[in-house]
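Data first, discussion second: the structure below is written as structure tokens.
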Amino acid sequence: MPHEYPAVIPMIAYEDGPRAMDWLAQAFGFTERVRMVTPEGRLSHGEMEAGDGVIMLATPSPDYESPRHHRADCEQAAKWSSVPYIIDGVLVYVGDVRAHFERAQKSGANILSEAEEGDNGTRYRVEDIEGHRWMFMQR
């Protein structure tokens, strides 16, 4: 049975795509749909489900640099990342944001903000193992 795809799908590059997929499943509870790895171990295409959403992942080339590594070598990137906000990130709705926060924290995610109440629901901000930013929110 072919997979269904939502109208919008974030596509995210990772230096180590297979490791990122494992970590995203452990820390954020995403479910793996597809994993295509080259003989050299590079992720050519990956898909993960997040609720009724999908993200696609890949390692585009050996020259790709994650946000975390880019910030370490680029003063300007370090400056724009000094705020806890989601910069070029992804918003994901979850059923229990506080339980999700605890899971991510226990998995070593870089927590950018504690779970907080807002006008649109409870949310928190976090970076994954390569420095991509995510906001998880409970409606």
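Numbers for residues simply follow the sequence, beginning at 1.
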Requested in this report: Run the numbers on Q26 and M21 for side chain to side chain contact (heavy atoms under 4.5 Å, CB included), then give the verdict.
Outcome: CA-CA 9 Å; Q26 174 191 340; M21 289 184 76; over 6 Å; no
Requested in this report: Could you grab the distance from atom NZ of K79 to atom OG of S81, nearest 0.5 Å is fine?
Outcome: 12.5 Å
Query raised in the report: Is E130 paired with R68 through a side-chain N to carboxylate O contact shorter than 4.0 Å?
Result: no
Query raised in the report: Under the side chain to side chain donor-acceptor pair (under 3.5 Å) rule, what pairs show up with a residue in residues 8-23, not counting sequence neighbours?
Result: Y14-D128, E15-S66, E15-H69, D22-R35
Report summary line: Separation between CD1 (I86) and CZ (R123), nearest 0.5 Å, reads 9.5 Å
Query - Positive for side chain to side chain contact (heavy atoms under 4.5 Å, CB included) with L24, one of E32, M48, H132 - result: M48
Report task. Flag yes if more than 12 heavy atoms outside E75 fall under 6.0 Å of its CD atom; otherwise flag no. Result -> no
Query raised in the report: Can you list every pair that meets side chain to side chain donor-acceptor pair (under 3.5 Å) and has a residue in residues 84-98, with sequence neighbours left out?
Result: R98-E117
**Report entry** NE2-CD distance between H70 and Q76, expressed to the nearest 0.5 angstrom
**Finding:** 9.0 Å
**Report entry** Euclidean distance, R133 CZ relative to I87 CD1, rounded to 0.5 Å
**Finding:** 4.5 Å
Report task. Could you go through the side chain to side chain contact (heavy atoms under 4.5 Å, CB included) check for E47 and I55 one step at a time? Result -> CA-CA 6 Å; E47 296 179 13; I55 62 167; over 6 Å; no
Query raised in the report: So, do W134 and Y124 have ring centers that fall under 6.0 Å from each other?
Result: no
Report task. For K106 and F101, run side chain to side chain contact (heavy atoms under 4.5 Å, CB included): C-alpha distance rounded to whole Å, both residues' side-chain angles, the deciding distance at 0.1 Å, then the answer. Result -> CA-CA 9 Å; K106 285 179 184 172; F101 173 88; over 6 Å; no
Query raised in the report: Are L57 and V54 grouped together when hydrophobic residues (ILVMFWY) are joined by side-chain heavy atoms under 4.5 angstrom apart?
Result: no
**Report entry** Working for side chain to side chain contact (heavy atoms under 4.5 Å, CB included), residues L112 and V126
**Finding:** CA-CA 5 Å; L112 300 172; V126 62; 5.6 Å; no
Query raised in the report: Does CG belonging to D73 count more than 12 external heavy atoms closer than 6.0 Å?
Result: yes
Query raised in the report: M137 and side chain to side chain contact (heavy atoms under 4.5 Å, CB included): which partner among V97, T122, V92, N120?
Result: N120
Query raised in the report: Does R71 pair with E65 as a salt bridge, N-O distance under 4.0 Å?
Result: no
